[in-house]
Visitor: 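Can you read through this structure? Questions will come right after.
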There are 2 protein chains.
Amino acid sequence: MPAPAKALWPSADEKERERREKREAVLRAAVRCFNEKGFHATSLDDVANALSVTKPTIYHYFGNKDEILFECVRRGLESIRDAAEAVEARAGGGLERLRRLMLDYAVIMTMDFGKCVTLTADHELSADSRARFRGLKREIDQTVRRVVEQGMADGTIAKGDPRLVTFTLTGALNWIARWYDPTGALAPQQIAEGAVATLVAGLAPRRDNEERL
Amino acid sequence: MPAPAKALWPSADEKERERREKREAVLRAAVRCFNEKGFHATSLDDVANALSVTKPTIYHYFGNKDEILFECVRRGLESIRDAAEAVEARAGGGLERLRRLMLDYAVIMTMDFGKCVTLTADHELSADSRARFRGLKREIDQTVRRVVEQGMADGTIAKGDPRLVTFTLTGALNWIARWYDPTGALAPQQIAEGAVATLVAGLAPRRDNEERL
DNA sequence: TATCCTGTATACCCGCTAGTAAATAGGTGT
DNA sequence: ACACCTATTTACTAGCGGGTATACAGGATA
């Protein structure tokens with residue numbers, strides 16, 4: 001029989017796991033504070049208080065405040081990147097794949113780490129983290145753009161400037177992080193489906209009987 | 001012959017005008033700093049330096065830092081509100097009017113005070129300014145939504161949840177402030193037209209011969 | 001000439017917060 | 001018993017930045 005959930009005499013592995021979990025807990029508390037009050041307005045004492053510990057405890061798990069923020073946005077960006085890459089590996093026309101990608105993207109934007117990506121401005125990160133931040137964002141942007149381009153090539157997406165189209169789409173999706181209210185009437189899924197439907201079909205009504213996908 | 005541009009012995013009126021112009025200059029310098037480095041990361045010494053004056057000079061024209069930020073976002077919001085109201089007074093179908101509104105909205109988002117609206121998070125303002133900020137935003141949101149609803153009623157806009165549709169549109173437009181680069185290849189007009197075209201027509205190609213408006 | 005108002009500067013205070021030093025307490029290995 | 005490691009605390013430093021007290025210069029007023 002393996003060790004119970006919380007071992008009285010934890011093994012080395014269990015201690016290692018506990019350390020990782022504590023690190024995660026710091027991150028989760030931090031991202032909530034950042035999203036609620038903003039990075040600059042959040043002191044590490046705030047984060048520590050939220051966990052009922054003191055500031056040096058946080059420094060036991062992270063080097064400095066910037067590192068904490070970067071870890072938060074990294075998690076968010078990696079969620080998006082994973083969704084983007086998963087979709088790239090999928091079969092189907094460009095529009096169909098883009099639709100799947102946008103749905104995932106939208107849902108991520110209602111979650112803590114996803115929100116953090118939108119709510120964090122470049123200049124809040126150190127020069128170093130900022131560069132990595134931008135790198136990850138560019139990676140995602142290029143993946144989305146490739147899907148858009150594929151769709152334009154295979155005729156499932158209307159032709160246009162792929163860069164501008166991509167920014168328009170991701171803008172609408174990113175903005176969800178700014179207005180989504182977990183206590184509101186719309187669930188993340190509903191928001192995702194509604195927003196994507198509007199982006200795919202456009203405002204102007206369609207008289208043709210084109211499948212809506 | 002009236003007074004020259006810069007009078008040696010200015011009249012009371014001219015002094016009043018000069019005071020207003022200096023206040024404006026502070027605002028313009030401030031909004032540039034805020035947009036570039038963020039509100040919290042901008043010290044009033046930064047703003048003062050940008051104008052080659054010192055901090056107390058700024059306090060001669062504004063009560064505190066919060067008031068400066070609020071004035072900036074107010075200008076941006078009022079530009080948008082004016083565009084929204086101008087369009088409401090216009091003749092035409094819902095989609096046609098919404099299109100005009102979105103074009104103006106998009107262009108405003110490439111300008112200093114417009115950018116400031118998007119780049120400023122609620123929690124950066126004092127409780128008092130925040131309430132007014134939200135009031136203005138709600139006003140704009142409702143105006144846009146009314147146009148959307150009108151379009152859904154008159155059949156020029158596809159039916160859907162007006163609130164969600166409005167957020168999706170304004171999200172795409174607001175996000176322009178985050179990526180527009182004045183040194184880039186696309187001029188504000190081109191961005192506005194491209195983004196609006198995508199939002200109106202949607203990603204899926206249209207097989208019908210519907211006018212694109 | 002004395003006074004007052006406006007705009008600006010110098011010099012300062014105070015609070016907040018990132019980050020650190022040092023101590024403690026428990027566990028682990030020897 | 002002793003040395004060591006980890007997690008956490010208390011108590012501190014140091015610097016930044018919002019905001020202010022005060023002084024000063026120039027023009028207007030009387």
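Chain letters run A, B, ... following the sequence lines, proteins first and then strands; every chain starts at 1.
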Visitor: Please confirm whether the shortest side-chain N or O distance from A/H60 to OP1 or OP2 of D/dA7 is below 4.0 Å.
Guide: yes
Visitor: Taking everything shown except A/R19 itself, do over 12 heavy atoms lie less than 6.0 Å from its CZ?
Guide: yes
Visitor: From the options C/dT8, C/dA18, D/dG17, select the nucleotide whose nearest atom is closest to the side chain of B/S43.
Guide: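 Of the candidates, D/dG17 comes closest.
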Visitor: Between atom CG in B/D66 and atom C1' in D/dG18, what is the gap in whole Å?
Guide: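 The answer, rounded to whole Å, is 12 Å.
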Visitor: Specify whether B/F34 and B/F39 have parallel, tilted or perpendicular ring planes, treating 30° as the upper limit for parallel and 60° as the lower limit for perpendicular.
Guide: perpendicular
Visitor: Just how far, in rounded Å, is P of C/dG27 from CD of A/E16?
Guide: 19 Å
Visitor: Taking the side chain of A/K22 as heavy atoms from C-beta outward, which of C/dG19, D/dA7, D/dG19 is closest to it?
Guide: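 Comparing C/dG19, D/dA7, D/dG19 against the side chain of A/K22, the answer is D/dA7.
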Visitor: Restricting both atoms to N or O, compile the protein contacts to nucleotides 9-15 of chain C shorter than 3.5 Å, with distance only.
Guide:
unit_1 : atom_1 : unit_2 : atom_2 : d
C/dA9  : OP2    : B/T54  : N      : 2.9
C/dA9  : OP2    : B/T54  : OG1    : 2.8
C/dA9  : OP2    : B/T57  : OG1    : 2.7

Visitor: Separation of B/Y59 atom OH from D/dT22 atom C1', in whole Å?
Guide: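 The answer, rounded to whole Å, is 17 Å.
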Visitor: Atom CG of B/L44 to atom P of D/dG18: distance rounded to whole Å?
Guide: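 The distance from CG of B/L44 to P of D/dG18 comes to 5 Å, rounded to the nearest Å.
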Visitor: Just checking A/R132: does its CZ atom have more than 12 heavy atoms from other residues, nucleotides or ligands closer to it than 6.0 angstrom?
Guide: no
Visitor: Once you round it to whole Å, what is the distance between C1' of D/dC16 and NE2 of A/H40?
Guide: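 After rounding, the reported distance stands at 13 Å.
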Visitor: Would you say A/R19 reaches D/dA7's phosphate, i.e. side-chain N/O to OP1/OP2 under 4.0 Å?
Guide: yes
Visitor: Answer yes if the side chains of A/Y105 and A/N174 hold a donor-acceptor pair under 3.5 Å, and no otherwise.
Guide: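 The criterion, which ignores hydrogens and geometry beyond distance, is satisfied for A/N174 and A/Y105.
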Visitor: Using atom NZ of B/K37 as one end and atom P of D/dC16 as the other, report the distance to the nearest whole Å.
Guide: 13 Å
Visitor: In whole Å, what is the span from the CZ atom of A/F62 to the P atom of C/dT17?
Guide: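 So the CZ-P distance, A/F62 to C/dT17, works out to 20 Å.
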Visitor: Please report the distance, rounded to the nearest Å, between CG in A/L51 and C1' in D/dA7.
Guide: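 Interatomic distance, CG of A/L51 to C1' of D/dA7: 14 Å.
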Visitor: Scan residues 179-190 of chain B for pairs that pass side-chain hydrogen bond (donor to acceptor under 3.5 Å, both in side chains), counting only residues two or more places apart or in two chains.
Guide: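 The answer is B/D181-B/T183.
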Visitor: Can we say B/D112 and B/R32 salt-bridge, meaning some charged N sits less than 4.0 Å from an Asp/Glu carboxylate O?
Guide: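 B/R32 and B/D112: salt-bridged.
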Visitor: Which nucleotide sits closest to the side chain of B/Y61: C/dA18, D/dT8, C/dT8?
Guide: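 Of the options given, the side chain of B/Y61 lies nearest C/dT8.
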Visitor: Please examine the side chains of B/R138 and B/Q142, heavy atoms only from C-beta on, and report whether any two atoms are closer than 4.5 Å.
Guide: yes
